[in-house]
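Here's the structure, in structure tokens; my notes come after.
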Amino acid sequence: MKGIFKKREKNFTSNEAESNLDVILDVEEGGIYHRQLQMIDLTKKDLIMLKQIKPLVEENIQEIVEQFYENLDHEETLIEIIDQNSSRERLKKTLTNHIQEMFNGKIDTPFYQARIKIAHIHFKIGLQPKWYMGAFQDLFNSLLKILDKGLPDKEVFQQAISATSKILNLEQQLVLE
Ligand code: HEM
């Protein structure tokens, strides 16, 4: 397994010219979304890195999602919210898709529209920002563990963590608005 990661990692680049990956950063110059991205220095380089580590995330997605829901057991009110509005099984599927989408290397109008919808849903079910933020940290903890294991090259690991924390921060900016 390690060998596969090593081979994959050797070709990693955050340089757009060197990468043949198709990433999209489509926001209006000077608009609010552009300014929010500038604030956290999220650039196409980060999207390239996210797209490169997507396979690693996909390989471990089940573990990430299981851990996410186990973690919610710490707070009984969250389990009540889920039982009243949905089910663990249903949410596991939506979360699995959502996490993988974060690594698509694409930030455009549909990306923003989907997050606005998720924000409305969470507002409607009464999910408090403190629990939402806590759940994000749990996601970050899981991703950190996976990237640490899968990316032995320190420089690549650092770039991957930086890009991952930026995309999670953007998600939080949008959903907690
Ligand atoms: C719905 C993501 C935290 C409860 C959703 C959906 C997504 C999502 C993608 C589906 C939206 C749709 O149907 O289009 C996330 C992310 C979270 C998070 C990324 C944090 C990292 C939580 C937490 C709870 C929760 C902590 C605990 C109560 C729900 C419920 C729904 C939902 C009950 C479904 C509502 C319905 O089906 O109408 N979430 N969620 N979410 N989420 Fe979250």
Side-chain angles (χ1 to χ4, degrees), residues 23-27 32-33 36-37 39-43 46-151 157 159-177:
V23 297
I24 295 173
L25 189 47
D26 182 17
V27 291
I32 183 67
Y33 290 150
Q36 280 177 264
L37 291 173
M39 192 83 183
I40 55 172
D41 191 29
L42 198 166
T43 67
D46 296 299
L47 296 186
I48 291 167
M49 182 48 72
L50 292 173
K51 205 163 177 177
Q52 285 173 116
I53 58 177
K54 188 176 181 189
L56 253 180
V57 175
E58 284 173 334
E59 283 158 27
N60 293 281
I61 192 69
Q62 212 176 336
E63 186 189 324
I64 299 171
V65 172
E66 288 296 332
Q67 161 58 33
F68 183 92
Y69 284 100
E70 261 174 43
N71 189 45
L72 299 190
D73 285 334
H74 290 124
E75 177 54 33
E76 212 178 299
T77 60
L78 298 179
I79 304 303
E80 284 164 16
I81 291 180
I82 291 175
D83 290 343
Q84 281 161 16
N85 295 279
S86 187
S87 73
R88 277 192 194 219
E89 280 324 300
R90 209 178 98 99
L91 284 180
K92 272 184 186 172
K93 280 198 196 117
T94 19
L95 190 67
T96 298
N97 291 335
H98 188 80
I99 295 169
Q100 291 177 148
E101 266 181 28
M102 288 184 207
F103 295 84
N104 275 352
K106 203 191 266 188
I107 296 182
D108 54 5
T109 303
F111 175 93
Y112 284 104
Q113 283 169 343
R115 269 91 201 141
I116 292 166
K117 186 177 161 216
I118 295 166
H120 283 142
I121 290 174
H122 286 136
F123 180 75
K124 229 170 79 188
I125 61 170
L127 177 59
Q128 293 177 43
K130 56 174 170 276
W131 302 125
Y132 199 76
M133 301 275 289
F136 260 105
Q137 185 61 40
D138 177 76
L139 266 190
F140 185 64
N141 292 347
S142 291
L143 290 164
L144 184 60
K145 219 160 60 179
I146 287 156
L147 297 176
D148 183 41
K149 226 198 260 175
L151 302 172
F157 170 72
Q159 285 174 13
I161 280 297
S162 169
T164 301
S165 89
K166 287 179 192 178
I167 197 77
L168 289 179
N169 182 286
L170 181 63
E171 289 273 336
Q172 289 169 70
Q173 288 184 31
L174 299 175
V175 174
L176 293 178
E177 193 156 285

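In listed order, ligands and their atoms are each counted from 1. Not measured: the values here are computed from a predicted model.
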Considering only distance and modelled atom types, tabulate donor-acceptor pairs under 3.5 Å from the side chains of residues 160-168, sequence neighbours left out.
| residue | atom | partner | partner atom | Å |
| --- | --- | --- | --- | --- |
| T164 | OG1 | A160 | O | 2.7 |
| S165 | OG | S162 | O | 3.4 |
| K166 | NZ | D41 | O | 2.6 |
| K166 | NZ | D46 | OD1 | 3.3 |
| K166 | NZ | D46 | OD2 | 3.0 |

Validation: residues 95-105 side-chain donor-acceptor distances under 3.5 Å, sequence neighbours left out:
| residue | atom | partner | partner atom | Å |
| --- | --- | --- | --- | --- |
| T96 | OG1 | K92 | O | 2.6 |
| H98 | NE2 | E171 | OE1 | 2.9 |
| N104 | OD1 | K54 | NZ | 2.6 |

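Looking only at heavy atoms of the protein, atom 19 (C) of ligand 1 is closest to H98 CD2, 3.6 Å. Counting protein heavy atoms only, atom 17 (C) of ligand 1 is closest to Y132 CE1, 3.7 Å. The protein heavy atom nearest to atom 29 (C) of ligand 1 is I125 CD1, 3.6 Å. The nearest heavy-atom contact from the protein to atom 37 (O) of ligand 1 is R90 NH2, 2.5 Å. Counting only heavy atoms of the protein, atom 14 (O) of ligand 1 lies nearest to K117 NZ, 3.1 Å.
Close approach of ligand 1 to F68 (heavy-atom distance below 4.0 Å) involves ligand atoms 3 (C), 17 (C), 18 (C), 20 (C), 21 (C). Atoms of ligand 1 found under 4.0 Å from any heavy atom of I81, numbered from 1 in the order shown, are 28 (C).
The distance cut-off of 2.8 Å around atom 43 (Fe) of ligand 1 captures these protein N, O or S atoms, sorted by chain and number: H122 NE2.
Backbone and side-chain nitrogen or oxygen atoms of W131 are examined, and none is located within less than 3.5 angstrom of a nitrogen or oxygen of ligand 1.
For M39, the side chain to side chain contact (heavy atoms under 4.5 Å, CB included) criterion is met by no residue, not counting sequence neighbours.
Between F140 and F136, a ring centre-to-centre spacing not shorter than 6.0 Å is recorded.
Here I24 contributes atom CD1 and K51 contributes atom NZ; the two are 7.5 Å apart, rounded to the nearest 0.5 Å.
Using a 4.0 Å cut-off between charged nitrogen and carboxylate oxygen, R88 and D73 count as a salt-bridge pair.
Using modelled atom types and a 3.5 Å distance limit, the side chains of N169 and Q173 yield a donor-acceptor pair. A donor atom on one side chain and an acceptor atom on the other are found under 3.5 Å apart for E75 and T77.
Note on ligand 1: K124 sits outside its first shell, no heavy atom being nearer than 4.0 Å.
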